[in-house]
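What follows is a short report on a single structure.
Just so we're clear, the structure is a prediction, and the values are computed from it rather than from any experiment.
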Amino acid sequence: MAGIIHLVRHGHHALLGRILCGRMKGVELSDLGCEEMARCAGTIAPRPSLIQSSPQRRCVQSACILAAHFRLPVEIVPALDELDYGEWTGRSFDDLAPDRRWSRWNGRRGTSRPPGGETMRSLQNRVVAHLEQLRGDRNRDAVVLVSHAEPIRAALLHYSRTPLDQFLSIEIDPASISTLRADSRGMKITGINQRVPA
């Protein structure tokens, strides 16, 4: 079975912290993001035999930087995609702040959803199903999954048995690495939000 699963968040982009990008098209890594991912590649151990990525451009770019370092192809996996924020996609956080629906969503992630979007529970279910599939793959010692803050949070909340409403208890920075160790009993979290060296 896959022994080590590294969950890597994509690198920095120009809209980070200002715009709720979600599945918005055309969001690309900044120069800083490319540098972060190059440094990230040097910290990943053991050497992975598989690199998978969310379909979003910023993740594919990040995965390609890692793949070049390890001389591996990148496999695009829809299960690793960002949460679908529906009508909120592309809006600024300043614009969303006074919206009561936004406040409710951030207080009750386990029972609410973005308008026209995906629930956090649905996100968690698809990410965990994919991780469990990887856990059963006896041909992989280590894998790298490049995704977004919310899918990574959702996985870590599941394996730490933490309610979805407490999603802010886990910080996931750009280009950070969170690690799971798989064995016959399940998954164990061995690292959360490990930052790349400056």
Contacts of type salt bridge (Lys or Arg N to Asp or Glu O under 4.0 Å), residue Asp84, not counting sequence neighbours = none

Salt bridge (charged side-chain N to carboxylate O under 4.0 Å, His left out) partners of residues 162-172, not counting sequence neighbours, each pair once = none

Residues at least two apart in sequence or cross-chain that pass side-chain contact (heavy atoms from CB on, under 4.5 Å) with Thr162, listed by chain then number, are Leu157, Ser160, Gln166, Ser169

Not counting sequence neighbours, which residues clear side-chain contact (heavy atoms from CB on, under 4.5 Å) with Asp95? List them please.
-> Arg91, Ser92

Across all chains, not counting sequence neighbours, the salt bridge (Lys or Arg N to Asp or Glu O under 4.0 Å) partners of Glu132 are Arg135

Kindly write out the residues that satisfy side-chain contact (heavy atoms from CB on, under 4.5 Å) with Val60, not counting sequence neighbours, or none if the list is empty.
-> Ser53, Cys64, Ile76

Mind checking what makes side-chain contact (heavy atoms from CB on, under 4.5 Å) contact with Arg126, not counting sequence neighbours?
-> Arg23, Asp81, Glu118, Leu123

Salt bridge (Lys or Arg N to Asp or Glu O under 4.0 Å) involving Arg153 - partner list, sequence neighbours excluded = Glu150

Could you pull out all residues at least two apart from Gln52 that satisfy side-chain hydrogen bond (donor to acceptor under 3.5 Å, both in side chains)?
-> Glu75, His130

Salt bridge (charged side-chain N to carboxylate O under 4.0 Å, His left out) pairs touching residues 186-198, sequence neighbours excluded, are Asp173-Arg195

Scan residues 131-180 for pairs that pass ring pair (Phe, Tyr, Trp, His ring centres under 6.0 Å), counting only residues two or more places apart or in two chains.
-> His10-His148

Which pairs would a plain distance check flag for residues 37-50, meaning a side-chain donor or acceptor within less than 3.5 Å of a matching protein atom at least two apart in sequence or in another chain?
{"residue": "Arg39", "atom": "NE", "partner": "Pro197", "partner atom": "O", "Å": "2.5"}
{"residue": "Thr43", "atom": "OG1", "partner": "Cys40", "partner atom": "O", "Å": "2.8"}
{"residue": "Arg47", "atom": "NH2", "partner": "Phe70", "partner atom": "O", "Å": "2.1"}
{"residue": "Ser49", "atom": "OG", "partner": "Ala142", "partner atom": "O", "Å": "3.4"}

